[in-house]
Amino acid sequence: MYARHLGLFLLTLLTTTLAGVQLTRGDVGLPPLGVWGLPPLPGPGEWARGLWFALPFLGVLTVHEFGHYFTARRNRVATSLPYFIPFPLGLGTFGAVIRIQDRIFSRREFFDIGLAGPLAGFVVAVPLLIYGFTHLPPLDYLFQIHPEYARFGANYAQYVYPPGAPDGISLARPLLYRLLEFGFADPARLPHPNELLHYPVLLAGALALFFTALNLLPMGQLDGGHILYGLLGAQRFNRLARMLFVGFIFYAGLGLFSPRSAPDTWLYWGPAYALYLGLVCWRALPTPRQGLLLAAGIWAAQVAVAAAVPGVLGNPGWLVFGLLLGRLTGIYHPPAPDDRALSRGRQWLGWAMVVIFVLCFTPSPFK
């Protein structure tokens, strides 16, 4: 039993370390294995950078999942140890999950178990970012990675990234990241946002905030859904969740189609997008017919806004997450047999988590 959890963790440590190597090279591509046309194997310094990303990043995810685990056990709800999910591309992992093996009977238990994970992860992520900002290496570190920047010195950004030049891969910095950066970082050592990938601790901290916000999305049976259900109760929460889901899908697909789109775009991609909207909205309303009408309304509104505001674009990356919500986890929260309201202290803590979500969330996390 324990061997499976440990094995998945070690495999995820390997894939996230390799992902850290590739990310700190400034690429979000295939793992560096040096075979079959894959990027070359890491050197000693790159292995170190990969581990400096993987260990704190997985540390936050581990604390998050054990927050759920220990709170569930304290409430006598049977649950599994965390299952880590390795993935050979991107960030090296799809995160980790625990399996609740009992029915949860009260609104308070849903709230406590849902809140414990993101709160525990957040408590670790903030000191991690503070450490990253207070231990920034000198610019010589960046110049070792990009020797061509050295001749520009501390003003490299204005030459490498002049106004109007195409940007590289960058990670959006949510409000909390910017506040910590302002409060703790030495401006002379701060990297340009497009060079953030080369700083593994900052990268791990920024991604920790992103995953905290992702889990706190107030929909369905995500952690944020459990929290807001605890605060509002099933009826009010489910009405709000429906509106939030519609807004989420509307933003995700905004700008993909407009009256100015090429005919080929409508011909080849239009049917696929119509099928997508039908799938995610099928269960959003009481009957499939109402769900399909909702899908048509979302698409019509997206096209209308794109016509009125040329160049507007949402974030198509969220469409995949919208499919998971609409078809797998669901956007509504089932009522618990014990639906008593939360204590005043839990209500304050729940609304504090809503504030944390706002501080950590960004509508376009990757650019």
Side-chain angles (χ1 to χ4, degrees), residues 1-6 8-9 12 58-85 93-127 208-209 211-241 244 324-325 328-358 360:
M1 171 183 168
Y2 296 114
R4 181 188 305 171
H5 297 280
L6 180 60
L8 284 172
F9 173 80
T12 305
L58 282 186
V60 174
L61 293 183
T62 302
V63 169
H64 176 116
E65 293 304 323
F66 273 102
H68 290 312
Y69 175 81
F70 287 119
T71 305
R73 294 294 296 268
R74 184 165 57 84
N75 284 278
R76 298 181 181 179
V77 175
T79 183
S80 71
L81 288 166
Y83 290 92
F84 288 84
I85 307 172
T93 180
F94 278 141
V97 296
I98 61 171
R99 290 180 57 196
I100 300 292
Q101 297 165 335
D102 272 347
R103 185 179 180 187
I104 299 177
F105 283 95
S106 75
R107 183 167 156 185
R108 179 196 61 77
E109 289 173 340
F110 270 118
F111 176 86
D112 286 358
I113 295 170
L115 177 139
L119 179 59
F122 178 78
V123 168
V124 175
V126 170
L209 295 187
F211 274 94
T212 297
L214 193 65
N215 280 282
L216 285 175
L217 280 170
M219 283 180 277
Q221 296 196 53
L222 298 172
D223 295 338
H226 292 321
I227 293 169
L228 209 58
Y229 160 71
L231 290 170
L232 301 178
Q235 188 173 11
R236 286 194 296 168
F237 169 78
N238 287 335
R239 284 200 301 265
L240 178 61
L244 292 172
L324 295 175
L325 287 170
L328 295 180
T329 65
I331 62 176
Y332 300 115
H333 198 291
D338 180 357
D339 197 42
R340 285 177 293 178
L342 301 176
S343 65
R344 182 60 59 87
R346 283 185 169 85
Q347 290 179 33
W348 280 106
L349 187 56
W351 291 117
M353 293 303 292
V354 173
V355 173
I356 287 173
F357 167 73
V358 173
C360 295

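Computed from heavy atoms alone, side chains included, the values below leave out hydrogens, waters and symmetry copies.
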Undergrad: What's the shortest heavy-atom distance between M353 and L119, and which atoms?
TA: CE-N, 3.7 Å
Undergrad: Determine, step by step, whether F9 and T12 satisfy the side-chain contact (heavy atoms from CB on, under 4.5 Å) criterion, reporting the C-alpha distance in whole Å, the side-chain angles of both residues, the deciding distance to 0.1 Å, and the verdict.
TA: CA-CA 5 Å; F9 173 80; T12 305; 5.7 Å; no
Undergrad: N75: what forms a side chain to side chain donor-acceptor pair (under 3.5 Å) with it, not counting sequence neighbours?
TA: R108
Undergrad: If you compare all heavy atoms of A234 against all heavy atoms of P335, which two are closest, and at what distance to 0.1 Å?
TA: CB-CB, 3.9 Å
Undergrad: Please give me the minimum heavy-atom distance between S106 and A336, naming the atom from each residue.
TA: C-CB, 3.6 Å
Undergrad: Tell me, do F111 and L342 make a side-chain contact under 4.5 Å, heavy atoms counted?
TA: yes
Undergrad: Taking all non-hydrogen atoms of both residues, which atom of A72 and which atom of I100 are closest, and how far apart?
TA: CB-CD1, 4.4 Å
Undergrad: Who are the side chain to side chain contact (heavy atoms under 4.5 Å, CB included) partners of A116, not counting sequence neighbours?
TA: T71
Undergrad: Partners of F70 by ring pair (Phe, Tyr, Trp, His ring centres under 6.0 Å), sequence neighbours excluded?
TA: F66
Undergrad: Considering residues at least two apart in sequence or located in another chain, which fulfil the side chain to side chain contact (heavy atoms under 4.5 Å, CB included) criterion with R103?
TA: F105, P337
Undergrad: Excluding sequence neighbours, so at least two apart, what forms side chain to side chain contact (heavy atoms under 4.5 Å, CB included) with A96?
TA: E65, F84
Undergrad: Report the residues that fulfil side chain to side chain contact (heavy atoms under 4.5 Å, CB included) with L240, sequence neighbours left out, ordered by chain and then residue number.
TA: L228, L232, M243, L244
Undergrad: Nearest 0.5 Å please: distance from the CG atom of L81 over to the CG atom of L8.
TA: 11.5 Å
Undergrad: For F122, which residues count as a ring pair (Phe, Tyr, Trp, His ring centres under 6.0 Å) partner, sequence neighbours excluded?
TA: none
Undergrad: Drop me the distance from I331's CD1 to L325's CG, to the nearest 0.5 angstrom.
TA: 8.5 Å
Undergrad: So, taking the atom named CZ in F94 and the one named CG in L61, what distance separates them when rounded to the nearest 0.5 Å?
TA: 13.0 Å
Undergrad: When the side chains of residues 217-224 are checked against the rest of the protein, which donor-acceptor pairs come out under 3.5 Å, sequence neighbours left out?
TA:
from	atom 1	to	atom 2	distance (Å)
D223	OD1	H68	NE2	3.3
D223	OD2	H64	NE2	3.2
D223	OD2	H68	NE2	3.1

Undergrad: List in chain and number order the residues that pass side chain to side chain donor-acceptor pair (under 3.5 Å) with R73, two or more places apart in sequence or in another chain; answer none if no residue qualifies.
TA: Y69
Undergrad: Tell me which pairs pass salt bridge (charged side-chain N to carboxylate O under 4.0 Å, His left out) where either residue lies in residues 339-358, with sequence neighbours left out.
TA: R107-D339, D112-R346, D338-R340
Undergrad: To the nearest 0.5 Å, tell me how far N215 CG sits from L115 CG.
TA: 12.0 Å
Undergrad: Should we say atom CD of Q235 is surrounded by more than 12 heavy atoms from elsewhere, each under 6.0 Å from it?
TA: no
Undergrad: Just by distance, do the side chain of T93 and the backbone of I85 share a donor-acceptor pair under 3.5 Å?
TA: yes
Undergrad: Testing the basics here: between L209 and A125, what is the closest heavy-atom pair and its distance to 0.1 Å?
TA: CD2-CB, 4.2 Å
Undergrad: By the ring pair (Phe, Tyr, Trp, His ring centres under 6.0 Å) test, which pairs, at least two apart or in different chains, include something from residues 212-236?
TA: F110-H226, F110-Y229, H226-H333, Y229-H333
